[in-house]
There are 2 protein chains.
Amino acid sequence: MRADAQRNYDRIVSVADDLVSRDGAEVSLEEVARRAGVGSATLHRHFPGRLALLEAVFRDRIAGLLDRARELAETGPPGDSLVVWLHEVNTYVTTSRGLAAALLAHGEHLAEDDTCGAKTAAAGELLVSQAKAVGRVRPSVSAEDLIVLVSGISLAVGGDSERSRRLLDLALAGIAPAATSG
Amino acid sequence: MRADAQRNYDRIVSVADDLVSRDGAEVSLEEVARRAGVGSATLHRHFPGRLALLEAVFRDRIAGLLDRARELAETGPPGDSLVVWLHEVNTYVTTSRGLAAALLAHGEHLAEDDTCGAKTAAAGELLVSQAKAVGRVRPSVSAEDLIVLVSGISLAVGGDSERSRRLLDLALAGIAPAATSG
DNA sequence: CCTTAAGCGGGGTGGCACCCCGCTTCGTCG
DNA sequence: CGACGAAGCGGGGTGCCACCCCGCTTAAGG
């Protein structure tokens, strides 16, 4: 990639990061280009569609989540690590406007691609299988399910972190009262 | 309301119903107006904003859900009725493109208004309090939470009914294996 | 320094939400 | 039943958008 192209690419991602976190995933791509000091054609050449831009913007943050999953998998107790990680994902997704949209790219089967959602689900799979091994998670539950769930909650609550956290707790525990039988 | 105004209103809602269920909540309002045979100004006069139109489109379906909640509250076993009703809501919401968006109108506190979401949550409250009374639901869970959850799941899965149903089951039961002790 | 192609961006296209305002039609009342 | 005031209508305008075309610029290599 030519040096000027790389410079423009970086400027666009940086500006998009600011604007998306300020205004959400539906920012005007024109404005991103304007603030980045490039023509809109340049933006569209580098990023064919809004999703491609969002993927680039969140790539680093997602990478952080992946590292964190590996770290938790190695250090934490198998059952709790998954819950801790999902709450961290939830916080990330809820407080980063537009991330949920990026995670749900292609909406349905987010596997096989190298999209943010696919990579996140893959990282989660590690923790899920650990948790299954110690009987803390049903076999029918997949990491992809959980990522979709987190994303959906985040989409639904807007940016209300407290409610998002509460709904995730609810979904992980179920609606029934805690079984006091042990 | 003048007779012609009423006629236009009805035509717009009817056409919007078709187009939203075919193309989702993001239909072009211009196209709705075009197909309804009215000027776009007429549409915008009757419905100030996309959400107002969606509310009108789904009002009848929502009314059906409310009746169903009352019916289940009277006839069904308190614990199961809630689950049955939530699955019915889920099916409705997932198969009616755009309904989730309508239910999440104003996103955050959907109480107090007479929006679709508020009315649905109110109807659910009946079943929730029944279920709490028989110890099937934790006191900290509100009907509003559950409606937001259902809507979020629906948004996240696109139109995949089977997955939507599975995720709702998951969220209601929690991720842990079924307690075989009880 | 010169070539060449990768990359750029001004400006165009078609579509959108939303609004203004002169014209039409409805409902009412004499 | 006819006329009148107002409610309602919609063609057309504005400003914004995503996305693209194409002649010009400039980086990179010899």
Side-chain angles (χ1 to χ4, degrees), chain A residues 1-58 97-102 104-107 115-116, chain B residues 1-58 97-102 104-107 115-116:
Chain A
M1 185 182 273
R2 247 169 63 170
D4 53 348
Q6 182 71 56
R7 216 181 310 129
N8 282 330
Y9 182 99
D10 292 342
R11 283 182 62 80
I12 290 169
V13 172
S14 164
V15 168
D17 195 349
D18 291 348
L19 288 186
V20 167
S21 62
R22 203 191 65 189
D23 301 331
E26 302 304 312
V27 214
S28 157
L29 300 183
E30 296 285 319
E31 187 173 350
V32 173
R34 229 176 290 131
R35 297 214 185 199
V38 303
S40 65
T42 298
L43 186 148
H44 284 285
R45 198 175 324 108
H46 282 299
F47 304 98
R50 178 180 302 277
L51 226 50
L53 180 56
L54 289 177
E55 294 265 345
V57 165
F58 291 121
R97 302 194 54 174
L99 222 186
L104 289 171
H106 312 119
T115 61
C116 290
Chain B
M1 185 182 274
R2 247 170 63 171
D4 54 348
Q6 182 71 55
R7 216 180 310 126
N8 282 332
Y9 182 100
D10 292 342
R11 282 182 63 80
I12 290 170
V13 172
S14 165
V15 168
D17 195 350
D18 290 348
L19 288 186
V20 167
S21 62
R22 203 191 63 186
D23 300 333
E26 302 304 314
V27 213
S28 155
L29 300 183
E30 297 284 320
E31 187 173 349
V32 172
R34 227 176 291 130
R35 296 214 186 199
V38 303
S40 66
T42 298
L43 186 149
H44 285 284
R45 198 173 326 107
H46 282 299
F47 305 99
R50 179 180 303 276
L51 226 50
L53 179 57
L54 289 177
E55 293 266 345
V57 164
F58 291 119
R97 302 194 54 173
L99 221 186
L104 289 171
H106 313 121
T115 61
C116 290

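Every chain is numbered from 1, with letters handed out A, B, ... down the list of sequences.
With rounding to whole Å, B:Gln6 atom CD is found 11 Å from D:dC9 atom P. Rounding to whole angstrom units, CZ of residue A:Arg2 and P of C:dA5 are separated by 13 Å. If you measure from atom CE of B:Met1 to atom P of C:dG27, you get 12 Å, rounded to the nearest angstrom. Protein atom CZ of B:Phe47 is 18 Å distant from nucleotide atom C1' of C:dC19, rounded to whole Å. Regarding B:Leu43, its CG atom lies at a distance of 14 Å from the P atom of D:dG11, rounded to whole Å. When rounded to the nearest whole Å, the span between CG of B:Leu53 and C1' of C:dA17 equals 13 Å. Spacing between atom CG of A:Asp4 and atom P of D:dT26 amounts to 10 Å, rounded to whole angstrom units. Between B:Arg7 atom CZ and C:dT25 atom P the separation is 11 Å, expressed in whole Å.
The side chain of B:Ala5 sits closest to D:dC9 out of D:dA18, C:dC19, D:dC9.
Exactly one residue among B:Val38, B:Val13, B:Leu43 makes a side-chain contact (heavy atoms from CB on, under 4.5 Å) with B:Val32. That residue is B:Leu43.
For C:dC18, one of the phosphate oxygens OP1 or OP2 lies less than 4.0 angstrom from a side-chain nitrogen or oxygen of B:His44. Phosphate contact (OP1/OP2 of C:dC8, side-chain N/O of A:Asn8, threshold under 4.0 Å): present. For C:dC8, the OP1/OP2 oxygens have a side-chain nitrogen or oxygen of A:His46 closer than 4.0 Å.
Within 4.0 Å (heavy atoms only), A:Ala41 reaches at least one base atom of the nucleic acid.
One donor-acceptor pair, N or O on each side, does fall under 3.5 Å between the base of C:dG9 and the side chain of A:Arg45.
Of the residues in residues 27-40 of chain A, those with a non-hydrogen atom less than 4.0 angstrom from any atom of DNA chain D are A:Val27, A:Ser28, A:Leu29, A:Glu30, A:Arg34, A:Ser40.
Counting only residues at least two apart or in different chains, side chain to side chain donor-acceptor pair (under 3.5 Å) contacts with residues 15-39 of chain B comprise B:Asp17-B:Arg61, B:Glu31-B:Arg35.
Minimum interatomic distance between B:Gly98 and B:Ala25 (heavy atoms only, all atoms of both residues): CA-CB, 3.5 Å. Scanning all heavy atoms of the two residues, the minimum distance from A:Ser40 to A:Ala33 falls at CA-CB, 3.8 Å.
A:Glu55 places no side-chain N or O within donor-acceptor distance of the main-chain N or O of A:Thr115, the cut-off being under 3.5 Å.
In this structure, the side chains of A:Val20 and A:Phe58 come closer than 4.5 Å at one or more pairs of heavy atoms.
When the nearest nucleotides of DNA chain C are assigned to B:Pro48 and A:Thr42 by heavy-atom distance, the more 5′-ward of the two goes with A:Thr42.
Atom OH of residue A:Tyr9 and atom CG of residue A:Asp4 lie 15.0 Å apart, to the nearest 0.5 angstrom.
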